[in-house]
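Reminder, nothing fancy here: chain letters follow the sequence lines and each chain counts from 1.
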Amino acid sequence: MAYVEVILPLPLKKTFIYSVSEELNPAIKAGVRVLVPFRSRKLTGFVLKIEKEKPKEEFQIKPVLQILDENPILAPNFVDFIFKLSQTSLVAPGELLKAALPPSFWVEEKGGYKLVQKPKKDEIKEKFGQKTEAVEKVLNLWSGKKALSWSYLKKKLDFRGWPSLIQRLEALGWIRKETKIYFKRKRMEVISSAPAQLQLTFFSERNYQPHFDLIEKALEKKEFKYFLLIGSKSRREEFFLSLLKKRAQVSSKILILWPEIASLTCFLERLTNLLGPKRIACLHSDLPLRKRESDWVRIFQDEVDVVVGTRSAVFAPLPRIDLIYIEEEADEAYVHPSPAYDARLAAKLRAQQDKAVVLLASSAPAVSSFFHAKNQGLIIDLGHSPRKLNILVYSGENSKILSPELQGMIEARFLSREPVALLINRRGYASILVCLRCGQIALCPKCRRALTFYARKDKLVCPQCGFKDKRWLRCPECQSQVISPRGYGLEAVEEEINRLWPQARIRSFEAESFRGKKQLATFLKEFRSGQIDIVLGTQFLLSHLDWKKVSLAAVLHPEMMLAQPDFRAGEKVFSLVWRLQEEMEKNRQGEVIIQTACPENYVLQALAKADYLELVSTELRFRRLLNLPPYRSLIRIILTGRSRRELARQARELKKRLDEFQEIEEILGPVFLPTRKGKGEIQIWLKGKKKEEIIHFISLILNKMNLSPFLEIID
DNA sequence: ATGGTGAATCGG
DNA sequence: CGATTCACCATC
C-alpha cells in the first residue's frame, strides 16, 4: 500500500495523508490532482509526495477516491514557490494554490439530487401506502430542474429516517444523484495565427544598447537581479518591446505583469503584432473560463514563451522563468486582498528561485523602490521628463470651484470644440454637511467620519464603511434648517460646469458609475468621436481615457489627496499628475493645469519643476525623520472576527507578545476598523528594520495563538 | 472552510 | 427547563 501527502485548498498549514489502493497505485504521481474524502465532503487536492511507509501517527487514513490527472500539473519548483510565498505572506499554501489555478481545477463533488420524473399519485400510493402525502410533499421540493444538495435536503427534511427515504426514492429511479463533472485536461485550442508583423516602424534611433547589455549580462549569468526601469510609458514600451524581440530569438521565458486589464489589452495587441500570437498567453480573471484554462494549459505544456497578465499571473505555470517585467510597479493593484499577497513580492520570490531577472518599470517609481534600486546601482533611466505644467493658485473665492483663469481656458476650448478633462479625486457632491447654526456635522454613527453628501442619490454615505443615511433636512441637534454642504466633490463640479456652459456635452466618470464594461465602452466611443466636450472624473480616468484628443487637462485641488493619512499620498499624487502629463504629451497642443490652494506644497513644487528627483529627495528626508519606509518596514496586521470583545482580547494579547521582540521598534494600535458588514476588524501596525525576522516571529506567535490574520507589508 | 460538539444564553 | 445560539475543534 502506498500513501500520499496531499495539500487541500483550505486555510490550513497542514497537509493530509491518504492511502492509495492497489488499483490506483500505478497511476499515482507527485503533482497530480486527486479527489479525496474530507470529513463529509469530497475535495480536490494535490499530491505533494508519495510515501511507502505508513505514517507513525495514529489517525484514520482514508483512501484516494480518484486520480484526476494522468500527468503532474504542478512542477516541484512551483510547489516550492507556493510554500515560500506562504512563509512570507502568512497565507496558507492551500489557499495560495487555490488562487493560483483556474477555478475549474478545483471541483468539489456536490451531492445533488435531481428529479428524474415526477411519479403519479397512484404510483406513490402503490409504493408508500399511507405515507403517500408525506412522500408527495418531499417530492414537491423539486420545483424545477435544479439539483438539490444534500445539505439543502437536510435542512428541509427534518424528520428521522429521511436519508433512507432519499435512498429509496433513488432506488426507485424517481430521483437521481448527479455529481459535477471534473475538469479534464483538454487538448489545447488551436489559435488562428495571424502573420506576424516584424517591422517595428515606431522604433526610434535611440541607443538603448548599454541598458540592454546590462540586462542581458544578468540574463546570461542566470542570476537573480532586479532593475528599476524609469521612463515614460512610451519609452518603456519601446525599450521593452525591443528587448522582447531580442529575447524571443533565444526563447527566453518571460512573465509580464500589468496592473489593470484595460491597458494590458492595449499592450497585448502590440505585443501580438510584434511576436505573433503563437508563443504568447494571457492570464486575467476577466477572460472567459475556457480561454483561461486553455492558456493555462498552453503555458504549462511549454508552448508559450511570453505570458502577460494581471497580478494573479505571478502564478503562471511556466516551467522556468528568465525575465519578469512589472509595469507601473507602484500601482496598488498589485496587492491582492484575499488571499493577501503582494504580486510584486511574489514575483521577486519566484525570480529568486528561478534565477531570473526582474524589471520593475515605472514613469515615477515609488520612493522606496527608487531608494533600494539606487543603493544597489540598479537603475536604468531612459531619460526624458514631461514638460513643465502650470499651477493656478486659487482658494475658492465666491464659493466658485473653478477659478476665473481656468474658466477662461475652458471657455476658449469649448468655443473651439476641443475636449477638456477635469480630474478631481472626491466623489459625491460635498464631503461634509454642516448645520450653520450650531456647527453640527453629519457623522457616521459607526466610524465617526464625516458623511459624504451625494446630491444625485440624495443620500449621505460614509466614505469608510459605506453606511447610508437620508440627507439632513433639519439639524438633529438644533432643528435648524440652514444646512450647508462644504468641501465639494465631482457632482458639485459637474453642477457648476452645467451652470457655466449649459450647452456643453458633459460626462462625469467614476469607477463605480460604470457597472458593466459596455457603458464604459460606449462612453469611450462617444468621446473618441468627439461627442463630448467636457469630461470629469476621478483618477480612474487616467488609464481609460484617450488623452491624445484632450486639449486641456486640469487637476483640481490635489491637496485633497495629499491630506490623506497615508505617508505615500505624496508619491501617489506625483505619479498621477506625472503620468497625466506624459499622456498629454501625445497631443502637442495639450496643456496640463493644476488648480490648487497650496502651491508651496513640495509635491506640487516638484511637479512644477518637472523634477522627479526633487520629489524623491524631499520625500526621503521626511521618511528619514519619521523612520518610515524605505528606512523601516511597516507591517499591518488585521484580525477579523465576530465578537469585538473577543477580538480586543486577542489583539491585546498579540500586542503583548509582539512587545517582547526586540526587532520590532514600534507598535501602533490595536485599533478597531470600521467595516462594511457587522464583522469586527482590528488593526495593529508594526515598524522595524528586519522584515524577514519580524515576519518569522509573527508567524510563530500566530501559530501559538491559533490566529490567521491578514498581513500587509510595506517597505 | 465547514460541520459536529458541548457550553452559554434565551424565552415561556 | 428544553431550545437555540455560539465558540471551539478536528479534518488524514
In whole angstrom, give the distance that lies between atom [atom1] of [X] and atom [atom2] of [N].
X	N	atom1	atom2	answer
A:E51	C:dC12	CD	P	17 Å
A:I7	B:dA1	CD1	P	15 Å
A:L8	C:dA10	CG	C1'	13 Å
A:R649	C:dC8	CZ	P	8 Å
A:K14	B:dA1	NZ	P	16 Å
A:L43	B:dT2	CG	C1'	10 Å
A:K42	B:dT2	NZ	P	17 Å
A:M705	C:dC9	CE	C1'	17 Å

**Study point:** From A:R657, A:Q650, A:K655, residue fulfilling side-chain hydrogen bond (donor to acceptor under 3.5 Å, both in side chains) relative to A:E653
**Key:**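 Among A:R657, A:Q650, A:K655, the one meeting side-chain hydrogen bond (donor to acceptor under 3.5 Å, both in side chains) with A:E653 is A:R657.
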Solution key, residues 6-14 of chain A side-chain donor-acceptor pairs under 3.5 Å, sequence neighbours excluded:
| residue | atom | partner | partner atom | Å |
| --- | --- | --- | --- | --- |
| A:K13 | NZ | A:N703 | OD1 | 2.7 |

Practice item. Pick base, sugar-phosphate or nothing for A:L12, based on heavy-atom distances below 4.0 Å to the nucleic acid. Key: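 Contact class for A:L12: base.
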Review point. Can a cation-pi geometry be assigned to A:R344 and A:Y334, taking NZ or CZ under 6.0 Å from the six-membered ring centre and within 45° of the ring axis?
Key: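 Judged by the rule (NZ or CZ under 6.0 Å from the ring centre, within 45° of its axis), A:R344 is not positioned above A:Y334.
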Point to revise | Six-ring centre of A:F710, A:R636 cation under 6.0 angstrom, axis tolerance 45° | key: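 Not flagged: A:R636 not positioned over aromatic ring of A:F710.
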Check your understanding: Within a strict 4.5 Å, meaning less than it, do heavy atoms of the A:I73 and A:W296 side chains meet?
Key ->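 Yes; the side chains approach each other to less than 4.5 Å.
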Check your understanding: Taking side chain as C-beta onward, heavy atoms only, is A:R292 less than 4.5 Å from A:S285?
Key ->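 They are in side-chain contact.
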Exercise for review: Using the test ring pair (Phe, Tyr, Trp, His ring centres under 6.0 Å), find all partners of A:F78 that sit at least two apart in sequence or belong to another chain.
Suggested key: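 None.
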Practice item. Identify, residue by residue, the members of residues 53-63 of chain A with a heavy atom below 4.0 Å from DNA chain C, and return them in order of residue number, or none. Key: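 The answer is A:F59, A:Q60, A:I61, A:K62.
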**Study point:** A:E260: partners by side-chain hydrogen bond (donor to acceptor under 3.5 Å, both in side chains), with sequence neighbours left out
**Key:**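 Result, side-chain hydrogen bond (donor to acceptor under 3.5 Å, both in side chains) vs A:E260: A:S263.
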**Study point:** Proximal nucleotide (of B:dA1, B:dG3, C:dC12) relative to the A:R41 side chain
**Key:**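 From the listed options, B:dA1 comes nearest.
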**Study point:** Contacts of type side chain to side chain contact (heavy atoms under 4.5 Å, CB included), residue A:R568, not counting sequence neighbours
**Key:**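 In terms of side chain to side chain contact (heavy atoms under 4.5 Å, CB included), with neighbours along the sequence ignored, A:R568 is linked to A:D566, A:E571, A:K572, A:R623, A:E712, A:I714.
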Find every protein N or O atom lying less than 3.5 Å from an N or O atom of nucleotides 5-7 of chain B, and list the pairs.
none

